[in-house]
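Here the structure comes first, spelled out in C-alpha cells, and everything after it is commentary.
Both counts, for ligands and for their atoms, begin at 1 and track the order of listing.
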Amino acid sequence: MDLIIRHASLPPGLSTHKEAVDIGIEAGRIVAVEPRLAASAAEEIDAAGCLVSPPFVDPHFHMDATLSYGLPRVNASGTLLEGIALWGELKPELTQDALIERALQYCDWAVARGLLAIRSHVDVCDPRLLAVEALLEVKRRVAPYLDLQLVAFPQDGVLRSPGAFDNLKRAIALGVDVVGGIPHFERTMADGAESVRMLCEYAAEQGLRVDMHCDESDDPLSRHIETLAAETQRLGLHGRVTGSHLTSMHSMDNYYVSKLLPLMRESGVAAIANPLINITLQGRSDTYPKRRGMTRVPEMMAAGINVAFGHDCVMDPWYSLGSGDMLEVAHMGLHVAQMTGIEAMHACFEAVTVNAARILGLEGYGIAPGCVADCVVLDARNPVEAIRLRAARLAVIRRGKVVARSPADRATLALEGRPEQIDFKLQRG
Ligand code: FE2
C-alpha cells in the first residue's frame, strides 16, 4: 500500500468499529478500514487514537470577495447594507490577477485547515464576468488539492439587474456548476417568486443543481423557500436544490413553519445556515430583545432535512474575521442553535462534513473502502473535542498524499492531561 494511518478513531456516524482502526490507502483510494491491518506501506502515520475525519466541506462561500478586507476602505458600521455598498465600490477596481491571487491564498489557508471542498458563489452581475473567469482559473489550479464548485450568483437580482440572466447563462456555458439566485432581493414578492421559477426551470433544462440565497432577511413574510421547495417538486429536482441562509425562518410564525418543513423534506431541498455571518448581520434593526437571525437548524434536522453550515465570508466587505476554519463555524452554529446535547453536538460536526458533502454531491466522500483517500487527522479524540478545541490539523491528506501538517497545540495537550503526547513540562508559578 502507499499509506497506512494507524490507530485512527472515526466519527461515530461513520464507523461501526468501537475501537481504533487502521486505514489502508492505495492509488488515491481507501482500500481497507479495519483494526490491526496486516499490511505494510511506503509511509505510515500513527494517529495515536486521534480522530480521523473525512475533510471539512464548506457548502457556502464567496471566494470572489475573500481577503479584500480594507479595500477600498473598511466597513465602519459592520452592517449588511454598508457591506453591499462597499462591494459596489470595490467591483469596478477588481482585476483578474488580484482576484486569483486572493482566492489562491484563501485556498492555501483552507487546505492547511483540512477544508478540501468549497462551494463558492460568484457574482455574475458584472457583464465582463471578470470574477467568473478568475474563479474558473482558480478551480483549475487548485483541482489537485481542493474541490472548488462554483455557483452563478446574480448578487443584484436576476430580474432587477439588467442582463443578469444572460450573464448567468454565459457563466454556466463557461463552466460554472450551479444555478444561484437571490429572490428576496428582487423588487417585489411576485418578482422574487418569478425569479425562483425561471431559475429552477433553467436548471432543470440544463440538468444542473440549484443553490439560492433565500430569505436572508428578518422579515417573517419572506417565504421564497416555499416557492423553491414547490418548484423543486414540480420539476423533479429532488436532492439537487439548496436554500442558503433562510434566516427569515427564525422570525416566521410557528404554524406556518409546521407546514413548511414537511414540504421541504418531501421535495428533498437542503438547507445551509451561515452562523458566523447571520449572528452578526441579522437582527440589526432590533432593539431588545434582539433576534439571533439564524435559521431553525435543529428543527429542520429533526424534520429529516439535510442541513449544513457554511463559512460564507472571510475578511471581506461583510465580515472582517474568519480563517477558513470549519470547526470555528461548527462551534458558532452549535452555540447560536443551542445544540449542546451530545447528539446535537455530533450533528454540528456532520454539518461541516458529511451533510455539506451531500449538498455538493461529492463522489467517494467518507472513510470506507472505495472512498477517495481524502481525510484530516485532528488533535482530538472525538468530534465534540474537535469542536471544543478547534483542534489542530495534525495531517491533511488528499488522494493519499499528505498535503499539510500542523504541530499539536502543546499547551492544550498539557491541560487535557495527555502528557504522553508532549515533551515538555508545564511551568507552574
Ligand atoms: Fe452568501
Side-chain angles (χ1 to χ4, degrees), residues 57-69 75 78-88 90-91 103 106 110 118-125 131-132 135 148-158 161 164 168 171 176-186 192 195-196 199 209-218 222 224-225 228 241-250 270-282 284 293-295 297 307-322 324 326 329 332-333 336 351-352 356 359-360:
V57 178
D58 181 359
H60 188 108
F61 194 62
H62 293 265
M63 205 176 276
D64 47 0
T66 197
L67 305 193
S68 65
Y69 178 72
N75 182 337
T79 58
L80 174 61
L81 288 182
E82 188 175 343
I84 292 171
L86 236 174
W87 179 236
L90 177 59
K91 261 202 260 190
Y106 183 76
I118 299 174
R119 174 182 277 184
S120 174
H121 295 254
V122 52
D123 189 354
V124 295
C125 286
V132 168
L135 289 195
L148 178 59
Q149 193 176 80
L150 298 176
V151 185
F153 174 47
Q155 168 92 62
D156 302 327
V158 74
S161 171
L168 183 148
V176 169
D177 310 275
V178 179
V179 176
I182 186 164
H184 59 277
F185 197 69
E186 303 291 353
S195 78
V196 172
L199 289 164
R209 291 174 186 267
V210 175
D211 187 342
M212 292 195 194
H213 282 66
C214 196
D215 305 323
E216 189 180 7
S217 151
D218 294 321
S222 187
H224 297 296
I225 181 60
L228 185 63
V241 176
T242 300
S244 279
H245 290 289
L246 304 177
T247 55
S248 72
M249 200 190 291
H250 188 96
I272 297 172
N274 296 294
L276 291 166
I277 306 312
N278 290 129
I279 194 67
T280 46
L281 293 183
Q282 303 311 126
R284 277 287 179 125
M294 193 169 78
T295 190
V297 173
V307 186
F309 289 147
H311 207 316
D312 203 6
C313 302
V314 170
M315 298 188 73
D316 68 10
W318 296 275
Y319 188 60
S320 48
L321 304 166
M326 294 307 290
V329 174
M332 180 59 78
V336 177
V352 293
I359 288 176
L360 267 68

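Counting backbone and side-chain atoms alike, H213 contributes an N/O/S atom closer than 2.8 Å to the Fe ion (ligand 1).
Closest approach between the Fe ion (ligand 1) and any N/O/S atom of H60 involves NE2. Residue-level check: among N/O/S atoms of D312, OD1 sits closest to the Fe ion (ligand 1).
Counting only N and O atoms by type, the side chains of H184 and H213 include no donor and acceptor under 3.5 Å apart.
Only one option out of L86, V314, L90 pairs with S68 in a side chain to side chain contact (heavy atoms under 4.5 Å, CB included); it is L90.
For A65, the side chain to side chain contact (heavy atoms under 4.5 Å, CB included) partners are W87, D316, P317, W318, not counting sequence neighbours.
H62 has its ring centre less than 6.0 Å from the ring centre of F153.
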